[in-house]
There are 2 protein chains.
Amino acid sequence: MQAVAVKSKSNALAPLSRGSAAQATRQLVLEAAEELIRTEGLEALSFREVSRRAGLSHQAPYHYFPDREAILAALANQGFALLAEKLREARRSRPTPLARLEACGNAYVDLALSRPAHFKLMFRPEMVKLDDFPDTAAFADSAFQELQATVREVLEAGHGVPEEEPVLTALCWSVVHGLAGLLLDGPLLYKLGRSGSGQLVPLVMAMMCGLVEGRTAGVRRGRTKGARGAAARTR
Amino acid sequence: MQAVAVKSKSNALAPLSRGSAAQATRQLVLEAAEELIRTEGLEALSFREVSRRAGLSHQAPYHYFPDREAILAALANQGFALLAEKLREARRSRPTPLARLEACGNAYVDLALSRPAHFKLMFRPEMVKLDDFPDTAAFADSAFQELQATVREVLEAGHGVPEEEPVLTALCWSVVHGLAGLLLDGPLLYKLGRSGSGQLVPLVMAMMCGLVEGRTAGVRRGRTKGARGAAARTR
DNA sequence: AGCGGAAGGTGACACTGTCAAGCCGTGCGT
DNA sequence: ACGCACGGCTTGACAGTGTCACCTTCCGCT
């Protein structure tokens with residue numbers, strides 16, 4: 001990394017055009033930040049430490065990012081883009097709606113586990129306020145659309161009625177998001193033991209799809225309000 | 001509720017007369033911290049600010065808490081105790097296993113929404129490492145046991161086979177945890193609109209129970225591995 | 001009476017994010 | 001061709017933070 005630092009210092013007088021040099025240092029800062037959160041964790045991320053690792057003065061990044069939050073937003077950007085791409089890919093890789101839902105779920109959790117800092121960043125509004133970064137919000141929306149489209153397909157395939165789309169979307173998103181969060185933040189692994197953890201994610205995803213699939217019978221029997229059955233009957 | 005948390009921590013020091021005064025200031029510090037995170041949010045919590053609000057010097061709390069993390073752990077303690085209590089209460093309030101599961105889910109999300117800072121604290125290992133605070137971990141475990149026991153009841157009632165307990169537990173926990181996280185951290189409300197948000201939580205919980213309930217038919221038909229159906233068939 | 005030790009205070013240090021200037025070389029207008 | 005403005009980057013400063021070391025005060029016990 002020191003080699004990088006030296007190189008970055010020497011390219012101050014690069015013969016290239018101004019703009020590209022600027023983008024180069026900007027990229028350098030982002031890469032330093034990314035490596036930092038991947039090795040040291042999200043909490044260790046400091047503006048000054050990033051500058052240090054990039055071989056710059058503590059104020060250089062300030063030229064490209066208005067404040068600390070902007071760096072975080074740029075990283076969250078990467079995360080959302082990656083998520084959207086993985087979800088698209090997962091959907092393409094499977095033929096049936098339910099299998100696509102399953103693949104999307106696995107992809108979602110996979111991303112969270114393989115890029116924990118990015119994932120946390122994406123869902124920490126106190127660190128990155130999406131309102132202040134419309135392009136990041138757009139990437140987030142793109143990822144969300146993949147999920148929602150998948151759920152819609154599932155409903156259209158007969159595993160439910162269209163009006164339930166928002167609720168089923170929320171449910172499926174909650175499953176994958178919650179599983180990712182519980183695995184990332186420890187308690188689940190801690191409680192259920194590390195033994196079967198490798199299999200846990202696909203098993204949960206399979207069960208989720210199995211439950212949704214089993215629903216088809218209920219719908220066909222005309223029990224379209226099956227979702228409210230438990231509450232209605234026991235109260 | 002607070003009394004529970006304090007009681008658990010009353011182990012270390014307690015030479016009576018002295019101890020009571022000490023506990024008083026200790027409690028003062030905790031209350032100041034609690035009010036701070038409830039009004040200003042979790043990120044605004046600083047050791048010095050807490051001391052200021054408690055009317056003490058910036059170093060006084062250091063006498064009762066070894067470091068910042070210990071304050072956070074004490075607050076997480078409150079949260080876990082509250083959660084366990086709400087879950088127990090939810091279980092008692094309903095007669096059938098599925099209805100209990102539904103009530104537990106609602107209670108879980110309710111706690112997260114009504115005490116957001118506490119909830120975040122409980123699941124942020126970088127802020128509170130449960131390994132360093134065994135009593136807090138015990139409270140967390142107590143809450144988890146409630147959830148697991150509820151799931152076990154559901155299985156015993158015929159909505160699945162016993163071997164699936166870990167997976168179903170993970171699934172249900174993921175649903176409630178994920179829903180809480182998505183609501184707290186914004187994206188869900190942002191995407192699905194604030195309109196039906198008030199109804200969203202109970203609807204999702206009802207759907208979750210409805211799905212699990214619908215499973216009974218599948219099990220009775222002998223399709224005990226229904227959960228893996230989607231994956232097996234489409235691959 | 002005297003002392004130990006707990007409750008609490010003061011000052012310092014390294015670190016953070018951010019603001020305000022400064023330096024320097026390139027590209028532009030004239 | 002020259003000057004100058006400006007982009008890229010640096011340096012210096014400030015308030016705020018968590019934490020360490022040391023200090024004062026004062027209660028309760030022997």
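- In this structure, B:Leu56 places its CG atom 13 Å from P of C:dA7, rounding to the nearest Å.
- Residues B:Ala60 and A:Leu45 each lie close to DNA chain C; by heavy-atom proximity, the contact nearer the 5' end of the strand is made by B:Ala60.
- Residue B:Ser57 has its side chain nearest to C:dT10 when only C:dT18, D:dC9, C:dT10 are considered.
- B:His58 contributes a side-chain N or O that forms a donor-acceptor pair with the base of C:dG11 under 3.5 Å.
- Between the CD atom of A:Glu43 and the C1' atom of C:dT16 there is a distance of 14 Å, given to the nearest Å.
- The side chain to side chain contact (heavy atoms under 4.5 Å, CB included) test with B:Pro116 is passed by exactly one of B:Asp185, B:Leu183, B:Leu184: B:Leu184.
- Nearest-nucleotide mapping onto DNA chain C: of A:Glu49 and A:His63, the residue sitting toward the 5' end is A:Glu49.
- A:Glu69 places a side-chain N or O within donor-acceptor distance of the main-chain N or O of A:Lys129, the cut-off being under 3.5 Å.
- Contact check, B:Tyr62 against D:dG18: no side-chain N or O comes under 4.0 Å of OP1 or OP2.
- Rounded to an integer number of Å, the gap from CD1 of A:Ile71 to P of C:dT16 is 13 Å.
- The side chain of B:Arg26 contributes no N or O atom lying less than 4.0 Å from OP1 or OP2 of C:dA6.
- Side chain of A:Asn106 to main chain of A:Glu102: a donor-acceptor pair is present (N/O by atom type, distance under 3.5 Å, no hydrogens or angles).
- Here C:dG17 is the nucleotide among D:dT10, D:dT19, C:dG17 with the atom lying nearest to any side-chain atom of A:Ser46.
- B:Phe65 has its CZ atom 13 Å from the P atom of C:dA7, to the nearest Å.
- The distance from atom CZ of A:Phe47 to atom P of C:dC19 is 11 Å, rounded to the nearest whole Å.
- The local environment of CZ in A:Phe139 is sparse, with at most 12 non-hydrogen atoms from other residues, nucleotides or ligands closer than 6.0 Å.
- With distances taken from any side-chain atom of B:Gln59 to the nucleotides D:dA21, C:dT18, D:dC9, the minimum falls on D:dA21.
- Between the CG atom of B:Leu72 and the C1' atom of D:dT19 there is a distance of 15 Å, given to the nearest Å.
- Going from atom CE of A:Met127 over to atom C1' of C:dG17 covers 14 Å, rounded to whole Å.
- Between the side chain of A:Arg94 and the main chain of A:Arg100, no donor-acceptor pair closer than 3.5 Å is present.
- Interface remark: the A:Arg48 side chain does form a donor-acceptor pair with the C:dG17 base, using a distance-only criterion of under 3.5 Å.
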